[in-house]
Number of protein chains: 2
Amino acid sequence: MMPKVLVVDDDLDMLSLVCAALEKDGHQIDTEADALAVQPARCQQYDLLLLDVMMPGEDGFSLCRRIRAEVDCPILFLTAKAEEAALVEGFGLGADDYIKKPFSVAELRARVNAHLRREVRQPTHTLSRGGVRFDMQAKVAIAGEHTLPFTRGEYAICEHLALHAGQVFTKEQLYEAVFGFEAEGDPSAVAEHIKNIRAKLKADAINPIETVWGVGYKWRKTSAR
Amino acid sequence: MMPKVLVVDDDLDMLSLVCAALEKDGHQIDTEADALAVQPARCQQYDLLLLDVMMPGEDGFSLCRRIRAEVDCPILFLTAKAEEAALVEGFGLGADDYIKKPFSVAELRARVNAHLRREVRQPTHTLSRGGVRFDMQAKVAIAGEHTLPFTRGEYAICEHLALHAGQVFTKEQLYEAVFGFEAEGDPSAVAEHIKNIRAKLKADAINPIETVWGVGYKWRKTSAR
DNA sequence: CGCGTCCTTATAAAATCCTTAAAAATGGCT
DNA sequence: AGCCATTTTTAAGGATTTTATAAGGACGCG
């Protein structure tokens with residue numbers, strides 16, 4: 001799953017330099033020398049955009065302004081302008097980073113990778129929510145220093161709730177989430193599992209599962225409340 | 001909804017400078033001078049962390065390494081070290097940005113806001129009307145800083161009214177909206193819910209539900225009053 | 001066969017919803 | 001303006017629904 005990056009710069013030397021740098025990280029790079037040729041629809045296939053600010057024809061800021069509303073991926077500016085006003089303007093347009101020339105290849109790679117990592121939900125198969133750490137590979141949950149003695153079903157329900165923290169699921173939805181197909185089971189079986197999960201979490205004084213009366217259950221969102 | 005930011009730095013002058021800058025954007029700032037006192041559980045309530053790299057006791061890199069697995073908000077480093085190796089190391093630890101001292105206040109604000117902006121762009125189906133924010137996934141309504149203790153029926157009626165602000169609904173229509181069609185219930189039950197909704201909203205001094213005499217109820221379209 | 005997990009059933013507890021009834025408000029009428 | 005019919009608001013109580021808890025049995029696996 002190679003991340004796709006589009007680099008827009010009129011300076012061909014710069015283009016080849018940037019490409020060479022990013023290809024070391026295994027990204028797939030496309031280049032474009034003419035900002036006016038960049039349409040929003042085209043950008044939607046990329047995971048990250050690198051725009052030079054100063055270009056003949058259309059500059060990077062104008063390009064960003066033109067496509068930002070329809071493009072959701074991170075946008076990074078490359079610029080020689082070190083002026084603070086320009087930097088603030090860039091961020092104001094919805095940019096995600098602003099790399100000042102001259103920059104080192106290492107810094108460029110580090111910043112690009114940092115944004116991509118956050119964007120593509122990196123292949124980290126662990127998740128921490130509300131004081132519980134889930135190892136989705138090993139299928140174990142850890143609270144504090146000890147692993148929680150969850151059964152398979154309990155772990156599956158717990159992980160599903162934590163993965164979609166804040167969203168409410170009915171018992172039927174949770175049952176399906178665990179068994180995949182439409183296995184018509186008694187919803188009260190889910191209630192039983194919820195009870196056991198809460199009991200096992202109580203030892204660590206954490207209770208992240210809220211019940212939404214008449215609807216179902218949800219994992220309490222950490223940020224909001 | 002004010003974003004919460006934690007700043008960790010041993011330099012008290014720097015702390016107050018950073019706080020003053022970020023508070024201009026309406027963020028809620030907490031500070032901590034001792035990195036060793038920062039625990040993962042504490043970090044989970046913040047939307048962004050600002051860490052100084054060079055600190056006595058534990059440095060920023062070590063702190064980041066210690067908490068990154070359990071914290072998924074953006075982490076930004078503040079540093080005087082301009083060396084490329086340190087920068088790459090910082091990003092390698094899962095950092096999201098690296099701000100070199102001396103930095104301008106404008107740049108600090110711009111970068112912090114850029115990360116917060118992207119963080120908030122999460123696909124949460126929310127609706128804000130008349131001072132009340134509805135999270136349709138979590139099935140909760142929030143006014144000001146606290147969630148409203150709506151029951152299922154109250155929330156459903158309230159959301160339906162807010163979603164179609166300005167449109168008048170009879171009690172029967174509202175009843176159907178909540179329970180689907182053909183649920184012939186006493187319309188006065190709806191009046192009961194309206195009363196409870198208004199009572200719970202009164203604590204926040206907002207009263208967006210108007211009664212149209214002889215017809216039904218509607219959510220005031222404009223916040224004019 | 002023993003063990004653990006999962007499901008079912010039964011009962012208690014909790015919360016919500018609906019009904020009922022009376023008080024207050026509104027609009028139309030003379 | 002004053003009165004009346006209608007509608008809305010408010011209040012309280014019981015009925016209903018939903019959830020929590022506990023115990024027992026079915027099933028699969030080693």
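Note on naming: letters A, B, ... go to the chains in the order of the sequence lines (proteins, then strands), and numbering restarts at 1 for each one.
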Under a 4.0 Å threshold between the charged nitrogen and the carboxylate oxygen, would B:E192 count as salt-bridged to B:K171?
no
Regarding the side chain of B:R152, the nearest nucleotide among D:dT10, C:dT8, C:dC17 is C:dC17
Nearest-Å distance, NZ (B:K195) to P (C:dA25)?
16 Å
For the side chain of B:W213, counting heavy atoms from C-beta on, which of C:dC7, D:dT9, C:dT26 is nearest?
C:dT26
Once you round it to whole Å, what is the distance between P of D:dT9 and CG of B:L201?
15 Å
Proximity to the side chain of B:K171 - top-ranked nucleotide from D:dT9, C:dC17, D:dT8
D:dT8
Interatomic distance where NE2 belongs to A:H193 and P belongs to C:dC7 [whole Å]:
5 Å
Can you tell me how far C1' of C:dC17 sits from CD1 of B:I194, to the nearest Å?
15 Å
The side chain of A:T151 lies closest to which of these nucleotides: C:dT5, D:dT8, C:dC18?
C:dT5
Charged N to carboxylate O under 4.0 angstrom, A:R68 versus A:D96?
yes
Please give, in whole Å, the distance from C:dT5 C1' to A:Y155 OH?
18 Å
Between CG of B:N196 and P of C:dT19 the distance, given in whole Å, is 15 Å
Using only side-chain N and O atoms of A:Y175, determine if any of them is under 4.0 Å from OP1 or OP2 of C:dC7.
yes
Nearest 0.5 Å, what's the CD1-CG distance between B:I142 and B:L148?
8.5 Å
Given C:dT8, C:dT19, D:dT6, the nucleotide with the shortest approach to the side chain of B:S188
C:dT19
For B:Y217, which contact category applies under a 4.0 Å heavy-atom criterion: base, sugar-phosphate, or nothing?
sugar-phosphate
Residues A:D47, A:K4: salt bridge by 4.0 Å N-O rule:
no
How close or far is atom P of C:dT16 from atom NZ of B:K200, stated in whole angstroms?
7 Å
Of the candidates D:dT10, C:dT8, C:dA14, the side chain of B:A191 sits closest to D:dT10
N/O (side chain, A:R198) to phosphate O (OP1/OP2, D:dT21) under 4.0 Å
no
Whole-Å gap separating C1' (C:dC7) and CD (A:E154)
13 Å
Choose from C:dG27, C:dT16, D:dT9 the nucleotide whose nearest atom is closest to any side-chain atom of B:T211.
D:dT9
What nucleic acid atoms does B:V190 come within less than 4.0 Å of, heavy atoms only: base, sugar-phosphate, or nothing?
nothing
Hey, do the aromatic rings of A:F77 and A:F61 have their centres closer than 6.0 Å?
yes
